[in-house]
Novice: 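Have a look at this one before I ask anything.
Predicted model only: the values in this text are computed from it and were never measured.
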Amino acid sequence: MICSVSLTDRCNTNIRVSLPAVCFVWQIAMIILFGVFIRYNEESDVRKWIEFKHSHNITSDIENDFYFRYPSFQDVHVMIFVGFGFLMTFLKRYSFSGVGFNFLIAAFGLQWALLMQGWFHSLDPNTGKIYIGVENLINADFCVAGSLIAYGALLGKVSPVQLMVVTLFGVTLFAVEEYIILDLLHCRDAGGSMVIHAFGGYYGLAISWVLYRPNLHQSKRLNGSVYHSDVFAMIGTLFLWMFWPSFNSAITAHGDGQHRAVINTYLALASSVLTAVAISSMSQKRGKLDMVHIQNATLAGGVAMGTAAEFMITPYGSLIVGFCCGIISTFGYVFVTPFLEKYFKIQDTCGIHNLHAVPGMLGGFVGAIVAAAASVEVYGREGLIETFAFEGDFATRSVLTQGGYQAAGTCVAITFGLVGGALVGFILKFPIWGDPADDNCYDDEVYWEVRVSLILHLLSLRTIESSELFNVLLHFH
Amino acid sequence: MICSVSLTDRCNTNIRVSLPAVCFVWQIAMIILFGVFIRYNEESDVRKWIEFKHSHNITSDIENDFYFRYPSFQDVHVMIFVGFGFLMTFLKRYSFSGVGFNFLIAAFGLQWALLMQGWFHSLDPNTGKIYIGVENLINADFCVAGSLIAYGALLGKVSPVQLMVVTLFGVTLFAVEEYIILDLLHCRDAGGSMVIHAFGGYYGLAISWVLYRPNLHQSKRLNGSVYHSDVFAMIGTLFLWMFWPSFNSAITAHGDGQHRAVINTYLALASSVLTAVAISSMSQKRGKLDMVHIQNATLAGGVAMGTAAEFMITPYGSLIVGFCCGIISTFGYVFVTPFLEKYFKIQDTCGIHNLHAVPGMLGGFVGAIVAAAASVEVYGREGLIETFAFEGDFATRSVLTQGGYQAAGTCVAITFGLVGGALVGFILKFPIWGDPADDNCYDDEVYWEVRVSLILHLLSLRTIESSELFNVLLHFH
Amino acid sequence: MICSVSLTDRCNTNIRVSLPAVCFVWQIAMIILFGVFIRYNEESDVRKWIEFKHSHNITSDIENDFYFRYPSFQDVHVMIFVGFGFLMTFLKRYSFSGVGFNFLIAAFGLQWALLMQGWFHSLDPNTGKIYIGVENLINADFCVAGSLIAYGALLGKVSPVQLMVVTLFGVTLFAVEEYIILDLLHCRDAGGSMVIHAFGGYYGLAISWVLYRPNLHQSKRLNGSVYHSDVFAMIGTLFLWMFWPSFNSAITAHGDGQHRAVINTYLALASSVLTAVAISSMSQKRGKLDMVHIQNATLAGGVAMGTAAEFMITPYGSLIVGFCCGIISTFGYVFVTPFLEKYFKIQDTCGIHNLHAVPGMLGGFVGAIVAAAASVEVYGREGLIETFAFEGDFATRSVLTQGGYQAAGTCVAITFGLVGGALVGFILKFPIWGDPADDNCYDDEVYWEVRVSLILHLLSLRTIESSELFNVLLHFH
């Protein structure tokens, strides 16, 4: 502890100017931009909603999109803040930063996401305004998820200011790649296997590759969990696992679309749990389970169903996807993460390669296959149009072509992640961001007031008696 | 710790073959059976939903059952995974297993539940398929709850492979007794006082009785909580308590049925809290409260309202039910659990006798009385038919007869629990399941990689200095 | 610990008679009063709902208010029990009381709230009954929130019996001030900036002022957090933060009203996070963040949007409110709380002054300004009437007058809080309530069975060896 203070002195982690400056400048910019661009949409504006009801012969307020999407939005919101946040509390002395910086960058990013996604997707050309409703809030949460995934690879090694840079560029890149994938290529990706998970995963890995720390082993003592921090992380895991059906169904079509996405995701997730447990047990002597696998690989089925959840993948198809991804993800934790660190110089704290990058990529290709296999027999003519939005410019697109575009979209997402991440990584290498020294990573004390001073003080005075120590220790349990 | 390693060597707890084998075989079987039997229903299949809307003159997607039930489903889902899971983290060194094995067996059981309940309740005789929607997902979660309750009695004393056997038979027995009670006897049991709680409670108690360990006191040092594990358990308690109104209303009739079930359960639960606190305080010297009672007995009102919640039990009737069950449940923890262990040789780790078995049984009888007291004056003629489904073969049944059948249904549930549990208990006695030795129970280290090696290593080398120890200890807080 | 036992002997904290007596008497009174007054309303009574559907030509059960409000209700419910409860677990040895007494008094208070609010707002003059539905449950949760806020100022210094007195009077005062503010003054306050937060905040501060303990520094050793208790508190923070949009929209108008309240609250909260982080970082040397600020001040935007959330405050207006309140609230924690303790003799454990009292008051005035600035141009004529309920006696009220009444309502809430709190404080000074001694505050052991006996026992016997101690300690991690 004493040495850690001296280390932080040597390596400047003082963020007393930079962090408040970024927060204030950014928040003021947001207020101005929101003032110029953001307005309520026709379902959240009192005047417009009354007019909308009259003009569309709507007799009941229950037809407001709010009632179709708000429960799912809240589940997604829990995933973003509690799910991702608590999943990152697993380190023994980095729980404050895990949950706290996640909170900060999500609140920071979602405002920028509303603007970026608004400009690309819902700018009204007549008024120059972006009209928002609950679906925009969901999309903003989704957009932020990409950057939170990237945080998983960087956990413990970067400063909060760096994380805000990661989020600023992450949200920007996300909005662009989403525009290309969903609007130009006309892919379907309701749960974001491609646009969220593959992009966010490779984005984080590329940043981590650029920021490689050869001497990170100096912080090895803190790069691990303790008993109760692993239990905290299970809160994150379970809320992610339980609400993933809401994530994948939050913005799918009303009615059967949301209904089916829930069923598919629920089944894929259940299947993932069993294969993750199986591989985890096989990979350890005496068959003991590893908490890292249970906390992460059980979720792989949800990631991989992000694209195909709204399609007619069939219930057993969903089970197969979960089955495979639970295996692949757990293998990733056992073999690939150490391999990447050793041979590719990628230090991936949370193993996002195994939970997001690869399952997201697979999910993109699963979506491509299921789309290409779609038929009028299964979907009905009307259903096929509805599910794949074969309207307007895309009215004549065949399902095979759609499958090809889906696969292309996955590649676009990965490319954006890798190239964007490499660029952002280089920006983060400037020695101005207050990141911790190699022997000072994974430690909350660098950026948080941590109240352990009593014991430290007593120890430093060398006046402590054993019986006093016990008394003091008791209060720490 | 060192001795525990030698103990586990002696008593074979190696599950490196059995656990993966069960997981893989089972999951592959599920994929095949789902492929043969499970399809989307008319509200989750894109083609069928379009046809259904046309044929039923439905103009809005909001009429899809999804919007009536999905928020409740998610609350139930949280109860199953976070509620039950975290309630079982209260032991000082068994939190991983509490929340982790709960996760495993729930994910395992819900797939089997979809099949078993499907075969009994919703197999289409023409196509031989089971068509699923959100209501099936809720029922699968319910079905799994019976086995999770049983896990509460076995916590700390069984291996994960044994738990999967418990779940496999538990789900099977559940589907059969549910078919008898709901279909043949035509009972009403929306929140499952009978089919879930009474069955699950007695099922677990019977298994625990067969698996009685005379020398369990050898693990006494670990059969208790520490400060923070009790706080973790409160997460489980509160999510169960808050979402119990959703549990009891999740599959009741649309409209007033769900509405009323929520009000009744909310009131019964509030009432339980006060009487549980009162008895807890009375039972300790100086009036101190016991966390075990607060964690468990406060929930008894929700269990006991499982059957009657959808009936017109009146708000004050709900308060009375909660009042009585809070008292009975807390008394159970104070007096009955030690009594059962001493004289009936039933070791009931979580006290499911007091939280599920008895309140579930009482809930069944409360339901019988309220059903028998139903009148046209209170329900209206149409309402009486709707509430008790007096249709088809049961169109002429009187409320008195219904009350009798409800009581009979409770007895069927208990019988299934006791007999089924005894049988499963004998199966679990085979020395092939990898269960822990008597002096090795309640210990995560038997089945999990627990990272306490640093201190252990230092201690075993006898090289540790006191100042180093303090440094190490600091990282564990 | 040993001394604490002797202290509790000296200062009588035995609640073995008083706590059960209050619980039983109260719960029996509730049953009787519910029997006399409370009935299901037309949407939760099976007979009445069928009649209601016929008489109002309603064809679908989805029109039942249950489906408009139940998801929001459950979010509010989580805020009350997990949000407030876990936010108060931050103290190192008071987590049981933080979450447990919150649970007790919320369950106690909501029953009384249903009656009090029923008598004032929804007593049917013909039948003399109160008819309840889901909106009443939400309002009961809201009403209880006022007393839970007050608990925040008293945390660690009062007995559970005193808390029940605080709640009994708190709910009563709440119902009266709410009647005056909402019914007589015809203010709008959907999210309760005035009636919940300003009232509850000043109520708690006034009680704390009367109960000032000059020697509280004797318990200073326990008035702080430890590492994991701060992580537990983040569970509370995040669930409050995430579900605050549901809180502010739970009882607003169907359709656009709920939709808009969600958007506004979501934005204000995001903005609060950034400014709270900025000020927190600026206020500490080396820019380190303080967990107290992150746990509390990030929520200020939600409090301050309680009144204006349903108005057309515009998205950027919401950001501005959150921006300012995040700053003010964090400044409050840094400067005002120590100042209040030193010069005003107000000991405010959780800093409710900064999170509830001041942001609530500001929220009331923000609401007044936004109401006064309302125009037909923005709201439309119909929308203006709908939003401000300019009907009946208030059909001719202008928006300017409405603004004046909103401001007056804020003053009424504060007055009720201060005067009511002072009175309740004096009642709590009677030496009969079992409150802890000055050197025994913030300690769960006064009211809970805390299992730390093993170490204590070994220490008292002076027989412990260092290696044994390590073994024992291991089980506490």
Side-chain angles (χ1 to χ4, degrees), chain A residues 1 62-63 67-68 71 75 92-93 222 224-228 230-231 234-235 238-239 241-243 246 254-256 258-260 262-263 266 270-271 273-275 277-278 281-282 284 286-291 294 298 312 315-316 319-320 323 378-380 382-383 386-387 452 455 459 476-477, chain B residues 14-16 19-20 23-24 26-27 30-31 34-35 38-40 43-47 49-50 60-62 64 66-67 70-71 74 77-78 81-82 85 89 95-96 99-100 103-104 107-108 110-111 132-134 137 226-228 232 235 447-451 467 470-471 473-477:
Chain A
M1 296 299 144
I62 199 88
E63 295 291 332
Y67 301 102
F68 288 88
D75 292 350
K92 67 182 77 163
R93 292 299 282 181
L222 290 174
S225 63
V226 286
Y227 194 67
H228 279 168
D230 266 331
V231 184
M234 280 304 289
I235 297 173
L238 288 176
F239 276 102
W241 194 90
M242 295 181 303
F243 289 166
S246 301
H254 288 178
D256 66 288
Q258 292 194 282
H259 205 146
R260 186 168 57 253
V262 161
I263 295 171
Y266 172 92
S271 186
V273 173
L274 269 87
T275 52
V277 166
S281 177
M282 283 170 69
Q284 306 279 336
R286 307 194 52 74
K288 291 187 182 190
L289 298 170
D290 189 325
M291 256 294 171
I294 308 303
T298 52
M312 295 286 289
Y316 70 91
L319 288 180
I320 292 169
F323 185 92
V378 171
Y379 288 75
E382 203 180 327
E386 195 182 292
T387 306
V452 289
I455 287 186
L459 281 173
F476 279 81
H477 294 291
Chain B
N14 191 331
I15 49 172
R16 193 175 179 182
L19 183 60
C23 288
F24 275 124
W26 188 253
Q27 193 56 57
M30 285 300 103
I31 290 171
F34 270 59
I38 306 272
R39 296 292 179 273
Y40 304 120
E43 303 194 282
S44 56
D45 183 298
V46 60
R47 180 177 190 156
W49 175 241
I50 291 169
S60 169
D61 282 316
I62 199 87
N64 195 303
F66 181 78
Y67 301 102
Y70 188 64
Q74 273 299 359
H77 218 39
V78 171
F81 289 90
V82 164
T89 59
S95 303
F96 289 7
V99 68
F103 188 21
L104 170 62
F108 166 86
L110 61 84
Q111 300 177 52
I132 63 170
V134 67
L137 305 189
V226 285
Y227 194 68
H228 279 168
F232 278 119
I235 298 173
Y447 302 115
W448 298 83
E449 294 287 322
V450 180
R451 289 168 191 81
S467 62
F470 300 145
N471 259 317
L473 282 174
L474 284 178
H475 293 306
F476 279 80
H477 294 292

Novice: Between A:T387 and chain B, with a heavy-atom cut-off of 4.5 Å, which part of the residue counts as in contact: side chain, backbone, both or neither?
Specialist: side chain
Novice: Under the salt bridge (Lys or Arg N to Asp or Glu O under 4.0 Å) rule, collect the residues that match up with B:R39, sequence neighbours excluded.
Specialist: none
Novice: Could you tell me which portion of B:N64 (side chain, backbone, both or neither) has an atom closer than 4.5 angstrom to a non-hydrogen atom of chain A?
Specialist: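 It is the side chain, since no backbone atom gets that close.
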Novice: Check whether A:F68 gets within reach of chain B through its side chain, its backbone, both or neither, counting any heavy atom under 4.5 Å.
Specialist: both
Novice: Does any N or O in the side chain of B:Y40 come within less than 3.5 Å of the main-chain N or O of A:H259, such that one atom is a donor and the other an acceptor?
Specialist: no
Novice: At a 4.5 Å cut-off on heavy atoms, which part of B:Y447 comes close to chain A: side chain, backbone, both, or neither?
Specialist: backbone
Novice: Please flag which part of B:Q111 lies under 4.5 Å from any non-hydrogen atom of chain A: side chain, backbone, both or neither.
Specialist: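 Contact with chain A involves the side chain of B:Q111 alone.
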Novice: What part of B:L104 is in contact with chain A, defined as an atom under 4.5 angstrom from a non-hydrogen atom: side chain, backbone, both or neither?
Specialist: both
Novice: Is chain A contacted by the side chain of B:F103, its backbone, both, or neither, given a heavy-atom distance below 4.5 Å?
Specialist: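 It is both, since atoms from each part get that close.
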Novice: Does B:R16 use its side chain to pair, donor to acceptor, with the backbone of A:R286 at less than 3.5 Å?
Specialist: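 No, B:R16 side chain to A:R286 backbone: no donor-acceptor pair under 3.5 Å.
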Novice: Given that the side chain runs from C-beta out, which part of A:Y266 has a heavy atom under 4.5 Å from chain B: side chain, backbone, both or neither?
Specialist: side chain
Novice: Under 4.5 Å from any heavy atom of chain A, what part of B:I235 do you find: side chain, backbone, both or neither?
Specialist: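 The side chain, not the backbone.
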Novice: Name the orientation class of the two ring planes belonging to B:F96 and A:Y227 (parallel below 30°, tilted from 30 to 60°, perpendicular beyond 60°).
Specialist: parallel
Novice: Could you tell me which portion of B:I38 (side chain, backbone, both or neither) has an atom closer than 4.5 angstrom to a non-hydrogen atom of chain A?
Specialist: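 Both parts, heavy atoms under 4.5 Å.
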